[in-house]
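Everything on this sheet refers to the single structure shown next.
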2 protein chains.
Amino acid sequence: MFSIPMERQINTRQKTAIRDAFVEADRPLSPDEVLAGAQRHHPTLGKATVYRNIQSLVDEGWLQAVEVPGDSPRYEVAGKEHHHHFQCNRCKKLYELQGCIPSFKMKVPRGFRTTGHEFFLYGLCSQCNH
Amino acid sequence: MFSIPMERQINTRQKTAIRDAFVEADRPLSPDEVLAGAQRHHPTLGKATVYRNIQSLVDEGWLQAVEVPGDSPRYEVAGKEHHHHFQCNRCKKLYELQGCIPSFKMKVPRGFRTTGHEFFLYGLCSQCNH
DNA sequence: ATCGTTGCAAACTCTTTGCAGGATT
DNA sequence: AATCCTGCAAAGAGTTTGCAACGAT
């Protein structure tokens, strides 16, 4: 038998600053937003470190990616229930919505098999809708 | 009063090859797919020309952009009714679906205003689902 | 002392732009 | 002939990778 060595859990100041940025923001963040948020805790943080730690947190299962149409990827704390997102047309911030749309049946071409869906609302967030 | 000069409608061989690629494919195409499809009509076509002509066709209203989560933009012939898209998980091709989902009411946070939505189905297309 | 992480810079990919030559009217 | 378009190559923007120095154990 082979034993799979438990990965040592390494928490550098940089990685902690990045996790804190997600907890404080409480919404999905882009790499640039992570850099800006985490630099308030650790000003010398570099962008390569942000990209590497995002990937590391995704691999650990702490983060998960949220792909957005026509914009850079966002990442959110993993483990939440199925939900969708709202993007502000002006500031481009992404927000979490509760729940899913009511059951829907979309017709797909013959021979196609559906395995999942995505849904986005667009508009103005409270900060931009004054 | 100023008169707005009517743009001369210029149709080069390259632009015609690009339009033909869309008509033949009958689905939204990425810039790379346009290049590949149009090069079958005009083998020396360059990618800068593809990008410029896509932009030109969008400006003319012949094409419209279809942004996709986590993938390069697609373009489809403009003027169709409101509809959504299906993306194949394996080959990444985008397909047009008919119609929209039945009426839905998603709760948004207070102070937010909704102006639009997007919806995507994912799965396997008939070519990849054998 | 060892081994993983950081931060800079270079490499990469996708897209846009500059420019000389070519095509169209 | 004048003007617009093309294709190459260089420039940008966002992301990834190489590497020497740093940090933690």
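Side chains included, hydrogens not; waters and symmetry mates left out as well; all remaining heavy atoms used. Quick note on labels: first sequence line is chain A, next is B, and so on, each numbered from 1.
- No hydrogens or angles were tested; on distance alone, a donor-acceptor pair under 3.5 Å links the side chain of R52(A) to the base of dG18(D).
- Separating the CG atom of D59(B) from the P atom of dC5(D) is a distance of 12 Å, rounded to the nearest angstrom.
- When heavy atoms are screened at a 4.0 angstrom cut-off, D32(A) is found touching no nucleic acid atom at all.
- Close to dT6(C), at under 4.0 Å from its OP1 or OP2, lies a side-chain N or O of N53(A).
- Separation of atoms CD (Q127(B)) and NZ (K93(B)) is listed at 4.0 Å; rounding is to 0.5 Å.
- To the nearest 0.5 Å, the span separating CG on L35(A) from CG on L29(A) amounts to 11.5 Å.
- Spacing between atom CD of Q55(A) and atom C1' of dT6(C) amounts to 17 Å, rounded to whole angstrom units.
- Distances shorter than 4.0 Å separate none of the side-chain N or O atoms of T49(A) from OP1 or OP2 on dT5(C).
- At the phosphate of dC4(D), neither OP1 nor OP2 sits under 4.0 Å from any side-chain N or O atom of T12(B).
- Of the two residues near DNA chain C, R13(B) and P31(B), the one whose nearest nucleotide lies more 5' is P31(B).
- For K15(B) and dC4(D), the NZ to P distance is 13 Å, given to the nearest whole Å.
- To the nearest angstrom, P of dG14(D) lies 8 Å from OH of Y51(A).
- Under the 4.5 Å side-chain criterion, counting only non-hydrogen atoms from C-beta, H84(A) is not in contact with H117(B).
- Counting only heavy atoms from C-beta outward, the side chains of L121(A) and F112(B) never approach each other to under 4.5 Å.
- Put simply, H42(A) has a side-chain N or O that comes within less than 4.0 Å of OP1 or OP2 on dG7(C).
- With contacts defined as side-chain heavy-atom distances shorter than 4.5 Å, the pair S30(A)/K92(A) does not qualify.
- One can place CG of N11(A) at 16 Å from P of dG4(C), the figure rounded to the nearest angstrom.
- Ranking dG7(C), dT15(C), dT17(C) by closeness to the A48(B) side chain, first place goes to dT17(C).
- Computed from coordinates, the K47(B) NZ to dC14(C) P distance equals 8 Å when rounded to whole Å.
- With rounding to whole Å, L45(B) atom CG is found 15 Å from dA23(C) atom C1'.
- Taking atom CD of E33(A) as the reference point, atom P of dT15(D) lies 12 Å away to the nearest angstrom.
- The shortest distance between the side-chain N/O atoms of Q14(A) and the OP1/OP2 oxygens of dG23(D) is not below 4.0 Å.
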